[in-house]
Undergrad: 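This is the structure, below, for whatever I ask next.
Note on naming: letters A, B, ... go to the chains in the order of the sequence lines (proteins, then strands), and numbering restarts at 1 for each one.
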2 protein chains.
Amino acid sequence: MPPGTRAANRSELTQAILASASVQLAEIGPAALSVRQIARDLEMASSAVYRYFPSRDALLTALLIQAFDDLGRAVEEGAATGADLRDRFTGAAHALRGWALAHPHEYALTYGSPVPGYAAPTETVASATRVAAVLLAIVRDAQVEGRPLGAGTRQFSAAERTAVAPISDFVEPALDDAHTARAMVVWATLFGHVSLELFGHMNNAVLDYKEHFTTVIEQLADDLGL
Amino acid sequence: MPPGTRAANRSELTQAILASASVQLAEIGPAALSVRQIARDLEMASSAVYRYFPSRDALLTALLIQAFDDLGRAVEEGAATGADLRDRFTGAAHALRGWALAHPHEYALTYGSPVPGYAAPTETVASATRVAAVLLAIVRDAQVEGRPLGAGTRQFSAAERTAVAPISDFVEPALDDAHTARAMVVWATLFGHVSLELFGHMNNAVLDYKEHFTTVIEQLADDLGL
DNA sequence: GTCTATAAATCGATAGAC
DNA sequence: GTCTATCGATTTATAGAC
């Protein structure tokens, strides 16, 4: 390819770089993501890539935001298919697990170990919050409907109430103690289950992951009173 | 140091290599673990390290087993400090979180994203199982004591009963459906919470992690009827 | 069992021509 | 905005002397 031929469409090439980076992410992981390898894939000079992403970290950030948004969209859509609160919850939960299984490396990038030497910048926060927003909205709606929780809940200490105030206040009207506590357990359980499954810690312990996940989220829905 | 001086104690040098590897693990992560860097730290030739560990992967396996055993021992000790079942549970849970906070990179190695290109061999299984064994023994004892669960539980489908049979049957006497279901939720919640906290997903959402973790595990203990 | 030397690669980032 | 060329490093693993 003669020099200068490529310039046709900047955003097209930006997407091609990201696509190649995604492939690498799957093959060698985020820590080994290589600008030069991307350049080889796309048959361009490594220095040219730097015109699109000023550094390797900027590329990682773009991948991270893309993954968070893709997951957020999937979970939002999963919740939207539900006719009632319970279906919204189970729809969101299955969408979370389904996306993670379909995109294991993107899941590892977002919810797995931090990449050594890389700190996610604040531009990622908006995308990272989308899943929690879906779950909290469902719990908020359950509270507004006045459904009784299906499991006992603790009285919060003043310290605990302060500690999780940002969660309670994330939605309007704010969550009461009991719903906040259940929401936090649900949050941790869902990601805990998906991580344990995806990272191989349920091998030989659970024989049918989908069946088991379904049971777990039905039970969480019961606990939430959905 | 003149050649050949070092041979004094093989197991001592093996330990020194592992210690240096641990430092690297913390600084650059498991994916970038470098045999040569270890050799530089210990002021020995890189080729000499291969007399102790035949490959980089063997070194990773040793680190992984060490981490699982260290965590397993910590959780076993945390459980042992408890006078009753509830204290055994909260002791184990706090020990899990405490160890993870004290050894974030070892936690990432064991429960974070898989290391690209590395598959843990079966020799790691025995060490990896210790934490689950502690938790399941507590739930088994609760069942044996006949304590009522503090939250409603689902009837298992036949498929679900089969899916989690290895868990139910891990202890003697085997767990019934309700205790198995609660044990699985507890397992996922504990690791989910620790991972979300340690990997930074609770930033700006939870302001006091220890207070919140305490609330969560007290609630899990309630649900278990402890 | 430690050493030197080596093979055959890899990398991020930049300078400067066009 | 793409290129070539370069800097100054890095790596796993092996061969063979001692």
Undergrad: Regarding D:dT10, can its base be found pairing with the side chain of B:R36 as donor and acceptor, where the two atoms are less than 3.5 Å apart?
TA: no
Undergrad: Grab the CZ-C1' distance between A:F53 and C:dT14 for me, whole Å please.
TA: 19 Å
Undergrad: Between A:E43 (CD) and D:dT4 (C1'), how many Å, whole number?
TA: 17 Å
Undergrad: Over 60° means perpendicular and under 30° means parallel, so classify the ring planes of B:H94 and B:F213, tilted if in between.
TA: perpendicular
Undergrad: What's the CE-C1' distance between A:M44 and D:dT2, to the nearest Å?
TA: 8 Å
Undergrad: Can you confirm if the NZ or CZ of A:R10 lies within 45° of the ring axis of A:Y52 and under 6.0 Å from the centre of its six-membered ring?
TA: yes
Undergrad: Identify, between B:R56 and B:R51, the residue whose nearest nucleotide on DNA chain D lies closer to the 5' end.
TA: B:R56
Undergrad: Identify whether any heavy atom of A:S55 sits under 4.0 Å from a base atom; if not, whether one sits that close to sugar-phosphate; answer base, sugar-phosphate or nothing.
TA: sugar-phosphate
Undergrad: How many Å lie between CD on B:Q24 and C1' on D:dT12, as a whole number?
TA: 13 Å
Undergrad: Tell me what A:L33 touches on the nucleic acid: a base, only sugar-phosphate, or nothing, going by heavy atoms under 4.0 Å.
TA: sugar-phosphate
Undergrad: What is the distance from CZ of B:R40 to P of C:dC3, rounded to the nearest Å?
TA: 14 Å
Undergrad: For the pair made of CG in B:D57 and P in D:dT11, what is the distance, rounded to whole Å?
TA: 16 Å
Undergrad: Rounded to the nearest angstrom, tell me the gap between atom CD in A:E27 and atom P in C:dT10.
TA: 15 Å
Undergrad: Select from A:V35 and B:A48 the residue whose nearest nucleotide in DNA chain C is closer to the 5' end of that strand.
TA: B:A48
Undergrad: Looking at A:Q66 and A:S22, what are the two nearest heavy atoms and their distance?
TA: OE1-OG, 4.2 Å
Undergrad: Taking for each residue the nucleotide of DNA chain C bearing the nearest heavy atom, is the 5' side occupied by A:Y50 or by B:V49?
TA: B:V49
Undergrad: Are the aromatic ring centres of B:Y107 and B:Y111 under 6.0 angstrom apart?
TA: yes
Undergrad: Under 4.0 Å from OP1 or OP2 of D:dT11: is there any side-chain N or O of B:S34 that close?
TA: yes
Undergrad: Expressed as a whole number of angstroms, how long is the span from B:Y52:OH to C:dT2:C1'?
TA: 9 Å
Undergrad: Report yes if the distance between the aromatic ring centroids of A:F191 and B:H201 is under 6.0 Å, otherwise no.
TA: no
Undergrad: Ignoring the backbone of A:Q37, work out which of C:dT2, C:dC11, D:dT11 is nearest its side chain.
TA: C:dC11
